[in-house]
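Worksheet for the structure shown next.
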Amino acid sequence: MTSSIAITLPDGSVREFDRPVTGAEIAASIGQRLAKDALAVKIDGTVKDLTTTVTSNVRIEIVTRNHPDALEVIRHDAAHVLAEAVQELYPGTQVTIGPAIANGFYYDFARDEPFTPDDLAKIEAKMREIVQRDAPLVREEWTRDDAVAYFKTHGEHFKAELVEAIPADQAISVYRQGDWLDLCRGPHAPSTGKVGTAFKLMKVAGAYWRGDSRNPMLQRIYGTAWRDEKELKAYLTMLEEAEKRDHRRLGKEMDLFHVQEEAVGSVFWHPKGWTLYRTIETYIRTRLEQAGYVEVKTPQLIDSSLFKASGHWDMYGDNMFKVEADEGKKQLGVKPMNCPGHTQIFKSALRSYRDLPIRMAEFGSCHRNEPSGALHGIMRVRAFTQDDAHIFCTEDQVPEEAAEYFKLQLGVYKDLGFDKIDVKLALRPDVRTGSDDLWDRAEDGLRSALRSAGLEFEELPGEGAFYGPKVEFHLTDAIGRTWQCGTLQYDPNLPERLDIHYIGEDGAKHRPIMLHRAILGSLERFIGMMIEHYAGKFPLWLAPVQAVVTTITNEADGYAAEVHKILKARGIRAELDVRNEKINLKVREHSLQKVPVIVVVGRREAEERTVAMRYLGGKDQEVLALDAAVNKLTEEARSPAGDRGFDSPF
RNA sequence: GCCGCAGUAGCUCAGGGGUAGAGCAACUGAUUCGUAAUCAGUAGGUCCGGGGUUCAAAUCCCUGUUGCGGCACCA
């Protein structure tokens with residue numbers, strides 16, 4: 001080879017080399033400082049070791065700590081350092097896998113003794129020692145069989161299993177750091193010292209080998225790692241902030257709900273929490289009415305025969321609660337979903353094509369026997385309520401119905417404070433019912449509906465339900481977490497199973513299509529999410545207590561009671577606080593309770609028939625004439641759907 | 001369901017073989033005050049349930065249960 005190699009740098013400049021060069025050499029040719037700071041090299045978009053030799057014309061970027069891809073390298077290195085530390089401290093522990101993940105890294109170990117929190121501190125100290133040693137991370141290529149033999153003789157049976165799964169003729173890479181080595185694809189920084197000091201071990205947890213619950217359970221150690229101490233600290237602060245807005249904590253502090261042993265997985269809604277719940281339910285009900293839905297209510301307990309016909313008994317029976325009735329002669333199921341019930345209402349009369357579409361909604365109370373380990377606050381429960389509906393329509397009506405639904409849904413999310421929404425279309429899974437032709441039509445129907453609604457969406461092949469494709473809506477909350485809430489599922493299957501039909505224009509029977517759809521999903525889960533999204537500081541229209549009228553001295557008690565009465569009469573959820581306490585204390589307490597508006601009255605206000613209003617989070621107050629204040633609050637407290645809401649139970 | 005950790009006053013938590021502690025809240029009294037904690041006093045406990053070890057168990061062991069963190073699950 002006599003021709004030279006042209007390396008294009010990010011700034012567009014080109015460097016010529018007359019022989020193959022490594023990433024490290026390229027970095028050195030640019031500058032000494034860069035060579036020292038380099039962690040890896042990105043070649044044509046792929047991050048590689050600095051020792052990688054470049055033999056052709058490519059674009060390269062030198063990955064330093066500030067490069068967007070640096071964190072992944074640092075975290076992956078940290079995982080290796082963690083594994084070395086554990087094996088130094090606890091000989092006989094087997095290593096398995098340890099990738100970089102969002103915000104950090106983990107490593108899964110096989111060891112009989114559990115790791116304790118004390119162990120974590122020791123391991124972290126050992127990691128710092130290894131980082132200080134700054135041993136070079138050296139890549140070696142082995143044959144697969146050599147690697148298998150090596151790991152087997154070293155008692156690393158999990159590693160051996162991993163390597164054995166690789167084709168025999170494929171070379172595999174291992175990385176050596178000092179006396180320690182690990183099977184790994186890489187890339188890695190040139191030495192362990194590059195991990196730096198901004199890392200911390202976070203927790204130990206169980207994790208199944210290869211993510212399969214039939215396999216043995218390993219011990220996973222999680223850590224976080226960042227470019228520098230400042231980033232680490234910011235991350236830890238963010239975690240603390242997230243903890244402060246945890247719905248379980250706020251639910252208790254704000255007296256919204258509780259859960260207890262005797263009713264695991266079910267929510268005890270307290271007056272304020274139930275006020276919030278009903279406000280949201282009323283809002284949704286109004287939106288549904290405006291969108292042409294009819295509301296129904298279907299039974300909790302239904303004979304097993306219906307669930308057998310619908311397929312739930314066989315397919316989802318493990319997750320259903322079942323009860324005996326009539327001295328064991330009957331077996332009933334507690335409904336886990338509302339669709340079988342809705343089909344029965346559809347079937348209760350002869351339907352004409354003129355009746356379609358029928359949009360049948362229900363605040364459907366469902367029970368699912370979730371695994372105990374899945375329960376979480378009010379987000380994952382065994383008894384919950386869906387804002388569910390089924391649209392019975394013809395195949396031709398699907399695109400328009402779907403598009404209308406998307407519009408409704410996005411409007412609801414916006415009203416409830418969510419602006420960033422990702423839409424995904426889950427397509428046919430490998431195991432499915434129905435012909436390919438039917439699937440083509442179903443998927444195309446949803447696709448065109450998404451397009452006509454002007455929505456950008458990502459397609460997820462293989463993720464659909466067995467009976468049909470579905471559209472998923474993922475919301476991003478105030479601290480950047482995403483939640484899958486609403487769905488629209490296309491189901492040509494259930495109408496078939498339960499034999500429902502309508503009479504077409506041609507006088508013959510036809511199967512309708514069922515669109516299953518939920519905007520919030522579970523009310524419980526959505527409210528939990530909203531509590532965290534708003535950190536308990538709800539907008540006025542949602543706040544369980546919208547205003548507290550409170551006094552400076554007892555001399556204003558009479559006037560305060562009058563103001564309170566007027567607010568209540570105008571539909572404001574207001575409380576009256578005439579305790580003989582300092583105004584500082586009362587403002588503090590109601591602020592901590594996250595009441596949006598504190599209406600303060602003293603002798604002056606009573607004389608002038610004014611009020612001093614203080615908004616949550618604000619430092620100042622606004623003195624207004626009573627009438628003006630009442631009008632202002634009434635205006636601001638209006639539901640975006642235009643419903644009046646309802647009065648507080650207080 | 002699986003692995004680990006935890007359950008002490010209404011709440012947040014300390015105590016870890018020798019008769020149960022704090023702060024806040026509650027209650028009583030005083031204080032009538034201008035926008036995020038007024039002062040004083042009083043009362044409050046099956047230390048998660050059951051079993052065991054021990055002269056003695058909140059504390060150690062076993063078991064159950066619930067919660068927490070993950071994993072698996074989320075139709």
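Labels below follow one simple rule: chain letters A, B, ... track the order of the sequence lines, proteins then strands, and each chain is numbered from 1.
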Could you write nucleotides 34-50 of chain B as a row of B, S and -, 5' to 3', where a protein heavy atom under 4.0 Å of any base atom gives B, of only sugar-phosphate atoms gives S, and otherwise -?
BBBBB------------
Side chains of A:Leu488 and A:Leu515 in contact at under 4.5 Å (non-hydrogen atoms)
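In contact.
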Compare the minimum distances between each of B:U32, B:C73, B:G70 and the side chain of A:Ala374, then state the nucleotide with the smallest one.
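Nearest to the side-chain atoms of A:Ala374, counting from C-beta on, is B:C73.
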If the cut-off is 4.0 Å, is [X] near the phosphate of [N], judged by side-chain N/O to OP1 or OP2?
X        : N     : result
A:Ser372 : B:G1  : yes
A:Tyr316 : B:C74 : no
A:Arg220 : B:C3  : no

I'd like the P distance from B:C24 over to B:A37, given in whole Å.
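Here B:A37 and B:C24 have their P atoms 14 Å from each other.
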Same-atom distance (C1') from B:U8 to B:U53, integer angstrom:
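So the two C1' atoms sit 22 Å from each other.
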What contact category does A:Pro114 fall into here, base, sugar-phosphate, or nothing, at under 4.0 angstrom with non-hydrogen atoms?
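The answer is sugar-phosphate, as A:Pro114 gets under 4.0 Å only of primed atoms, P, OP1 or OP2.
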Base, sugar-phosphate alone, or nothing: which one does A:Val259 contact when heavy atoms must sit under 4.0 Å apart?
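Nothing, no nucleic acid heavy atom in range.
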Both A:Ala205 and A:Met337 contact RNA chain B. Which one's nearest nucleotide lies toward the 5' end?
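Residue closer to the 5' terminus by nearest nucleotide: A:Ala205.
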By ring-ring contact (aromatic ring centres under 6.0 Å, His included) - contacts of A:Phe257 (at least two apart):
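Residues passing ring-ring contact (aromatic ring centres under 6.0 Å, His included) with A:Phe257: A:Trp269.
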Please say whether the positively charged group of A:Arg111, taken as NZ for Lys or CZ for Arg, lies over the ring of A:Tyr90, i.e. under 6.0 angstrom from the six-membered ring centre and within 45 degrees of the axis.
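That pair qualifies as a cation-pi contact.
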